[in-house]
Peer 1: 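Structure provided below as C-alpha cells; questions to follow.
Every number for a ligand or one of its atoms is a count from 1 in the order of the listing. Values below: every heavy atom of this structure, side chains too, minus hydrogens, waters and symmetry copies.
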Amino acid sequence: MPPTDCVQPKTPPVRADLLPYGRQAINEDDIAAVVVALRSPMITTGEMVPAFEEAIAETSGAAHGVAVSSGTAALHAAMHALDIGLQDEVIVPTITFAASANAVVYQGGVPIFADVDADTLLLDPSDVERRITPRTKAILAVDYAGQPCDYDALRSIADKHSLTLVADACHAIGGAYKNRPVGSLADLSTFSFHPVKHITTGEGGMVVTDNQPWAERMRRFRNHGITVDYQQRQREGSWFYAIAELGFNYRITDIQCALGLSQLSKLDGWIRRRQAIAQRYHAALADMTSVKQLHCSADVSHAYHLYVVQLETDYCPLSRAEVFAALRNEGIGVNVHYIPVHLHPYYQEQFGCRPGDCPVAENAYERMLSLPMFPAMTDDDVADVIEALNKAVG
Ligand SMILES: *Cc1c(COP(=O)(O)O)cnc(C)c1O
C-alpha cells in the first residue's frame, strides 16, 4: 500500500504484508466435508441443510433453525415472519451494518434509529424506550463486536410495550449473556456465515427461534412462498405446489451447509482464541492513554467478532483518519465499523434522518477503529498490531 500524503513512515513498516482485520480459516477437514457433499445426489435442499440447522439451533439454545443464503436474507426472513409491513416501525441501533436496517425497509417498514451506550456501543435501552411510538412493532438489537446486548433490560421494555425482540447476532454466535447462549436471548436471532464472521459457508445465514409457526413461515419464504418443498413433493409423488404468499429464492446449498457443519465443530476453540487475543490487546491498551478499549460487561461471554478501540481525543495528537492511515502504512489492516446507518445518503433522503439524531453514535464513529481479530492470528501478529499502535499514537 503506498504511503498517503499526510503520514509518511519514517522507519520501515512493522509488516511488509497487510494483516487483514478478519479472515476465514479453512482446513483439510472442511474441504473433505465439501467434497462429500459435492458427490451426494442432492447438492441443494438435501440432507445437509436440516443437519446444519439442527446443529446451529442446538448450539444456540433454540428449538428451530432456518438456513438461508446470507445473514441479510436471515434478517429479511425474520422481518417477514413478524409481518412487518407498510409504515411499521422497528427500532434499530445506528451503529450496525446497514443490512440490519435494510431488512426492515425491504418489508415496507421504517427503521427508527436509536443511539448506543458510549462505553459498549450497544443499543441503549433507555434511548429505545424514548423512540417507541404506537407504530413500533419490534426492537432489533445488534450484538455489536460480539458482545450480547443487555437482554434483560430490552426484554422488559419489549414486554411492557408488547413488542417482539429480535437479535441481529451476526457478530455473536458462540457468545452468552448471563450463561444463556446467544440465539436463546430474543424471540428470533439471526446469524451470518460470511467469511469474516466466526464460521463460514462462503455466503450464508440462519434464523433461530423457539416459535414453530415463524420457522415454518421462514422456510416457505426462502423458497418463493411455496407450500411444499422438493422432498415433500417427492414423498407425495405429486406435481402440486402452491404459492401461498410472495417469497424469494433465499435457499442455501448442501455444499455450503457441509462446510458450515465442519466449521461449527471448531467454533468453541475459535471463540477461546479470539478471547485470548482480546486479553493481549486489553493488556497492551491498559498502558496507553490515547486509545481505550470498549467496556465488556461482567455478565457476558464476549464472542469478539471485532476488537474495537476508541481514540481518546484529549490525549491523542492525531485524528482517526491519521491513525487509520498510519496503521495501514505499518501493514495493519484496521477498519471502521460502522458509519452510523442514519448518516447514509439513502436514509437521509428516504427517511429524513439527520446528523444529530444519534449524538453518542456520531461521536463514537469519529473515534473508532477495529484492530485485526481472527483466530488464525498468531501472538506475533498481535504483537505487530500493538507495536504499530505504539508507533502511531504511543
Ligand atoms: C455480516 C452482517 C450482516 C449481514 O450478513 P451477510 O451474510 O453479509 O448478508 C448483518 N448484520 C450484521 C451486524 C453483520 O455483521
Peer 1: Tell me if the CZ atom of Phe248 is crowded by more than 12 foreign heavy atoms within 6.0 Å.
Peer 2: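 Above 12, so yes.
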Peer 1: Does CD belonging to Glu58 count more than 12 external heavy atoms closer than 6.0 Å?
Peer 2: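 No, the 6.0 Å shell around CD holds no more than 12 heavy atoms from other groups.
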Peer 1: Could you please provide the protein residues found below 4.0 Å of ligand 1 on a heavy-atom basis, arranged by chain and number?
Peer 2: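 Ligand 1 is contacted, at a heavy-atom distance under 4.0 Å, by Ser70, Gly71, Thr72, Leu75, Thr96, Phe97, Ala99, Ser100, Asp168, Cys170, His171, Ser192, Lys197, Gly204, Tyr338.
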Peer 1: Using 4.0 Å as the upper bound for N to carboxylate O, is an ion pair formed by Asp124 and Arg131?
Peer 2: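 Salt bridge between Arg131 and Asp124, a charged N being under 4.0 Å from a carboxylate O: no.
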Peer 1: Donor-acceptor pairs are to be reported for all side-chain atoms of residues 46-54 against protein atoms at under 3.5 Å, with residues two or more places apart or in another chain.
Peer 2:
from, atom 1, to, atom 2, distance (Å)
Glu53, OE1, Arg219, NH2, 3.4
Glu53, OE2, Ala67, N, 2.8
Glu53, OE2, Arg222, NH1, 2.8

Peer 1: Please determine if Arg130 and Asp127 form a salt bridge, counting it only when a charged side-chain N lies under 4.0 Å from a carboxylate O.
Peer 2: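 The answer is yes: the pair qualifies as a salt bridge.
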Peer 1: Can you tell whether the side chains of Arg217 and Asp83 come within less than 4.0 Å, N to carboxylate O?
Peer 2: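 Looking at Arg217 and Asp83, the cut-off is met.
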